[in-house]
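When reading the values below, keep in mind they use all heavy atoms of this one structure, side chains included, and skip hydrogens, waters and symmetry mates. Fair warning: this is a prediction, and the values are worked out from it, not measured in the lab. Position 1 is the first residue of the sequence, and the numbers go up from there.
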Amino acid sequence: MSPRRAFLVYLAGLCGLGVAGALGSLRYCARRSTATAARLERLDVALARIHAPRTIGRAYRSGMDEPSLLAQLAEKPGLASAMEIDCPATRAVAIAEQIRNDFRDGDVRIEGRWVVSRSECIIAALRSA
């Protein structure tokens, strides 16, 4: 295969990936509006325990888009499972357990004057939009 032909095949492949990514993001936007929003509201239980959740959320969110925050949320098994729990008390226990695990593992951030777990930062950032 000539270098020119190889370059064109490579370029066509990159274009195809770009189109697939764009279509995937459009599908994500349509899905986000109802199901994900309702599931994210279930994490509001944690906001009462966070000092200045809007301030912390905005500081943590700085420079991040929502898909990257949702990806971080998916990395936290306690938060991901809490969104599926119907009972508010049980959900609060699952979220608190994830937050304790963050502190135990050293997965904390300093936002303003507060030391908060990354799970708390993620929740505050998603809800401060």
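The side chain to side chain donor-acceptor pair (under 3.5 Å) search around D105 returns none, not counting sequence neighbours. Applying the side chain to side chain donor-acceptor pair (under 3.5 Å) criterion to R49, with sequence neighbours excluded, gives no partner residue. Partners of S81 according to the side-chain contact (heavy atoms from CB on, under 4.5 Å) rule, which considers only residues two or more places apart in sequence or in another chain, do not exist here. By the side chain to side chain donor-acceptor pair (under 3.5 Å) test, R104 pairs with N101, sequence neighbours left out. In this structure A52 satisfies the side-chain contact (heavy atoms from CB on, under 4.5 Å) test together with T55, W114, sequence neighbours excluded. Under the side chain to side chain donor-acceptor pair (under 3.5 Å) criterion, E111 pairs with no residue, sequence neighbours left out. A search for side-chain contact (heavy atoms from CB on, under 4.5 Å) contacts involving D44 returns E41, L47, R127, not counting sequence neighbours. Applying the salt bridge (Lys or Arg N to Asp or Glu O under 4.0 Å) criterion to R118, with sequence neighbours excluded, gives E75, D107. A search for side-chain contact (heavy atoms from CB on, under 4.5 Å) contacts involving V93 returns nothing, not counting sequence neighbours.
Across all their heavy atoms, G78 and Q98 have their closest contact at N-OE1, 2.9 Å. Taking every heavy atom of both residues into account, F103 and V115 meet most closely at CZ-O, 3.9 Å. A46 and I50 get closest at one heavy-atom pair: O-CG1, 3.4 Å. Scanning all heavy atoms of the two residues, the minimum distance from A124 to P53 falls at CB-O, 3.4 Å.
Neither I85 nor L126 shares a network with the other; the hydrophobic side chains, linked directly or stepwise wherever heavy atoms of I, L, V, M, F, W or Y lie under 4.5 Å apart, form separate groups for each.
In this structure, R91 contributes its side chain and M83 its backbone to no donor-acceptor pair below 3.5 Å. Using a distance-only test at 3.5 Å, with no hydrogens or angles considered, no donor-acceptor pair links the side chain of S62 to the main chain of A59.
Here the CG-CD distance, from L69 to Q72, works out to 5.5 Å after rounding to the nearest 0.5 Å. With values rounded to the nearest 0.5 angstrom, S119 atom OG is found 4.0 Å from K76 atom NZ. We find the CZ-CD1 distance between R113 and I56 to be 10.0 Å, quoted to the nearest 0.5 Å. Here the CG atom belonging to L79 is positioned 6.0 Å from the CG atom belonging to L43, to the nearest 0.5 angstrom.
Contact annotation: the side chain of V108 never approaches that of V116 to less than 4.5 Å [non-hydrogen atoms, C-beta and beyond].
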